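Here the structure comes first, spelled out in structure tokens, and everything after it is commentary.
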Amino acid sequence: QVQLVESGGGLVQPGGSLRLSCAASGFSLRYYATAWFRQAPGKEREGLSCFSSVDGSTYYADSVKGRFTISRDTAKNTVYLQMNSLKPEDTAVYYCAATWGACGSSWYRPFFWNDYWGQGTQVTVSS
């Protein structure tokens with residue numbers, strides 16, 4: 001079955017950390033760019049980070065730069081999002097997405113990701 005499955009969400013206090021996982025099955029992430037998005041209630045889906053399959057380049061939204069880190073374990077066919085210094089405004093459902101090739105200039109736009117989306121994992125930052 002071809003799918004992406006996110007895990008690792010939960011409740012964390014402000015200033016804390018979480019690591020999200022996005023496991024792919026049925027296809028190899030080696031050939032796909034992978035991104036993380038999030039969507040808070042009443043807000044548009046926001047692109048956070050992208051990992052390019054071509055050269056391993058990474059890209060970040062200004063809102064998470066310096067706090068979040070994207071990485072990939074090819075052997076496990078999994079992409080991660082390490083989230084540090086979490087803030088209440090980081091509360092959202094987090095999604096991963098994959099598309100063939102590299103992170104294009106529009107990587108932060110949901111329409112760019114035509115191939116696969118995960119079902120999402122909830123992250124809540126609250127004291």
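Only heavy atoms go into these numbers, but all of them, side chains included; no hydrogens, no water, no symmetry mates. What you are looking at is a predicted structure, and each value in this text was computed from that prediction instead of being measured. Positions are given from 1, in the same order as the sequence printed here.
One side chain, Thr99 or Asp115, offers a donor N or O that lies under 3.5 Å from an acceptor on the other.
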For residues 14-27, run the donor-acceptor check on the side chains, cut-off 3.5 Å, and write out each pair with its distance to 0.1 Å, sequence neighbours left out.
residue, atom, partner, partner atom, Å
Ser17, OG, Asn84, OD1, 2.9
Ser25, OG, Gln1, O, 3.1

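Between Lys65 and Ser49, every side-chain heavy-atom pair lies at or beyond the 4.5 Å cut-off. Side-chain atoms of Val79 and Ile70, non-hydrogen and from C-beta on, do get closer than 4.5 Å to each other. Counting heavy atoms from C-beta outward, Asp73 and Tyr80 have side chains that approach closer than 4.5 Å. At a threshold of 4.5 Å between non-hydrogen side-chain atoms, the residues Tyr94 and Met83 count as touching.
Enclosure of atom CD in Glu89 by more than 12 non-hydrogen atoms of other residues, nucleotides or ligands within 6.0 angstrom is indicated.
Considering OG1 of Thr34 and CG of Leu81, their distance stands at 12.0 Å, rounded to 0.5 Å. For the atom pair Gln122 CD and Glu6 CD, the distance stands at 12.0 Å (nearest 0.5 Å). Between Thr91 atom OG1 and Leu86 atom CG the span is 8.5 Å, to the nearest 0.5 Å. Taken to the nearest 0.5 Å, the CZ atom of Arg38 stands 13.0 Å off from the CZ atom of Arg45.
Under a 4.5 Å side-chain heavy-atom criterion applied to ILVMFWY residues, the cluster that includes Tyr95 comprises Phe37, Tyr59, Val93, Trp107, Tyr108, Phe112, Trp113, Trp117 as well. Taking a 4.5 Å side-chain heavy-atom cut-off between Ile, Leu, Val, Met, Phe, Trp and Tyr, the cluster of Leu11 contains only that residue.
Residues Val2 and Tyr32 are members of one and the same hydrophobic cluster, defined by side-chain heavy-atom contacts under 4.5 angstrom among Ile, Leu, Val, Met, Phe, Trp and Tyr. Residues Phe51 and Tyr31 share a hydrophobic cluster, clusters being chains of Ile/Leu/Val/Met/Phe/Trp/Tyr side chains in contact below 4.5 Å.
Identified under the disulfide (SG to SG under 2.5 Å) test for residues 24-55, with sequence neighbours left out: Cys50-Cys103.
Thr78 contributes a side-chain N or O that, together with a main-chain N or O of Lys76, makes up a donor-acceptor pair within less than 3.5 Å. Judged by distance alone, the side chain of Ser53 and the main-chain N or O of Gly101 form a donor-acceptor pair under 3.5 Å.
The side-chain contact (heavy atoms from CB on, under 4.5 Å) search around Arg67 returns Val64, Ser85, Lys87, Asp90, not counting sequence neighbours. For Ser63, the side chain to side chain donor-acceptor pair (under 3.5 Å) criterion is met by Glu46, not counting sequence neighbours.
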